Amino acid sequence: MKIVRPICCGMDVHKNIIVATIGITNKKTRITEYIQETFSTLNPDLLNLKQWLINHKCFDACMESTGKYWIPIFNILEDEINIYLTHPKYVKAIKGKKTDKKDSKWICDLFKHDLIKFSFIPPKEIRALREISRYRYKLVGMRSSERNRYQNCMTVSNIGIGSVFSDPFGKSAQAIMKEVLESDIIEDEKILKCIHGSCKNKDKILDSIKHCNIETDQRFKMNESMTHMEELQVHINNCEIEIMKRAAPMFDRFMHITQLPGISTLSAILIISEIGVDMKQFESDKQLACWAGLAPANNESANKKKSVRISKA
């Protein structure tokens with residue numbers, strides 16, 4: 001088989017240790033000599049790993065994208081070493097002959113012959129934007145979960161606001177719920193003052209809270225849930241401000257995609273935080289769609305096509 005990288009390194013990465021194997025291939029005899037070392041994941045040892053690679057004139061290294069454990073190694077090595085990242089499924093060793101040292105050597109051999117499919121690693125500024133964008137996504141998910149709990153409390157307490165208002169968390173709905181939670185006796189006049197003038201079916205709104213039964217446990221849950229939602233909203237707003245600041249220098253390179261229907265400025269930033277602004281990373285539009293998980297896979301055997309789904313990406 002053709003040897004693409006005469007000197008390269010394969011690394012088996014764990015939480016506390018890294019097993020690195022350098023393969024040095026003689027161009028005349030085509031015999032490969034392997035040098036193995038084990039390093040800890042502490043910063044001084046990562047610097048030793050970097051120096052060890054440089055001493056052996058090895059400037060190409062490949063490792064698995066194991067959780068977040070690869071990131072500290074990448075941070076130390078990326079300025080002087082060409083780091084390639086791959087999904088563990090592409091370098092999985094043969095079952096029954098699996099040890100850390102063999103795994104490292106197996107990655108080195110595959111990397112040497114260029115038989116590995118590499119992961120897409122965007123530039124540092126895009127990676128930073130991605131981290132904040134994904135954090136915002138998690139916060140939005142937490143807010144949605146809290147909203148569901150709040151609505152469950154309303155249902156249990158015989159409050160039907162969710163059936164009357166299109167948005168149970170709109171201004172009028174929240175003003176009514178605040179009045180209901182603070183008052184022991186619900187008065188129609190006070191409730192009508194909370195309703196916005198443009199709201200229709202005011203009689204239905206009054207009926208939705210009549211004879212409601214808010215127990216002390218549900219009242220406590222709703223108050224705490226609302227406080228938590230307000231706090232989450234502050235964090236989400238802060239994330240969006242930071243995202244805008246970091247994306248501002250790149251606006252001229254991607255703002256044209258906001259001309260597409262349904263793509264706002266924030267949506268455009270979230271898209272480029274995942275794929276970057278340099279499309280040279282992808283060979284074609286089909287490869288980009290496949291990488292994003294928008295294209296179904298192939299699963300065919302004995303002329304029978306089996307069901308496939310769009311992948312999670």
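Note that the structure is predicted; figures quoted are calculated from it, not measured. Just the heavy atoms: all of them, side chains too, but no hydrogens, waters or symmetry mates, feed the values below.
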Next item on the list: Take atom CH2 of W106 as the centre, draw a 6.0 Å sphere, and report whether it contains more than 12 heavy atoms from other residues, nucleotides or ligands.
Entry: no

Check: Does any N or O in the side chain of T21 come within less than 3.5 Å of the main-chain N or O of C108, such that one atom is a donor and the other an acceptor?
Finding: no

Item checked: Exam field: side chain N223 to backbone R219, donor-acceptor pair closer than 3.5 Å -> yes

Notebook entry, point to check: Do the side chain of H228 and the main chain of E146 share a donor and acceptor less than 3.5 angstrom apart?
Noted result: no

Checklist line | Under-4.0 Å salt bridge between R134 and E274 | finding: yes

Item checked: Donor-acceptor contact below 3.5 Å, side chain Q233 vs main chain M229 -> no

Notebook entry, point to check: Regarding H14 and D100, is there a side-chain donor-to-acceptor distance under 3.5 Å anywhere?
Noted result: yes

Item checked: Test item: S208 side-chain N/O and V164 main-chain N/O as donor-acceptor pair under 3.5 Å -> no

Check: Would you find a donor on one side and an acceptor on the other, under 3.5 Å apart, between the side chain of R246 and the backbone of L129?
Finding: no

Check: With the threshold set at 4.0 Å, does a side-chain nitrogen-carboxylate oxygen contact exist between R127 and E78?
Finding: yes

Notebook entry, point to check: Does S225 use its side chain to pair, donor to acceptor, with the backbone of M222 at less than 3.5 Å?
Noted result: no

Check: W52 pairs by side chain to side chain contact (heavy atoms under 4.5 Å, CB included) with which of L47, D45, I22?
Finding: I22

Next item on the list: State whether the side chain of H87 and the backbone N or O of K89 hold a donor-acceptor pair below 3.5 Å, judged by distance alone.
Entry: yes

Checklist line | Exam field: side chain Q36 to backbone K101, donor-acceptor pair closer than 3.5 Å | finding: yes

Checklist line | Donor-acceptor contact below 3.5 Å, side chain T38 vs main chain V19 | finding: no

Margin query: Can you tell me how the ring of F120 sits relative to the ring of W291, calling it parallel under 30°, perpendicular over 60° and tilted otherwise?
Written below: perpendicular

Checklist line | Check: N158/N213 side-chain N/O donor and acceptor closer than 3.5 Å | finding: no

Margin query: Surrounding CZ of F251 (heavy atoms of other residues, nucleotides or ligands, distance under 6.0 Å), is the total greater than 12?
Written below: yes

Next item on the list: Give a yes-or-no answer on whether the side chains of N238 and E242 include a donor-acceptor pair shorter than 3.5 Å.
Entry: no

Check: Are a donor atom and an acceptor atom from the side chains of N16 and Y69 found within less than 3.5 Å of each other?
Finding: no

Note to self: Check for me whether R143 meets the cation-pi criterion with F169, that is, NZ or CZ under 6.0 Å from the six-membered ring centre and within 45 degrees of the ring axis.
What the structure shows: no

Margin query: Which residue is it: C62, C8, C9? I am looking for the one with a side chain to side chain contact (heavy atoms under 4.5 Å, CB included) to K112.
Written below: C8

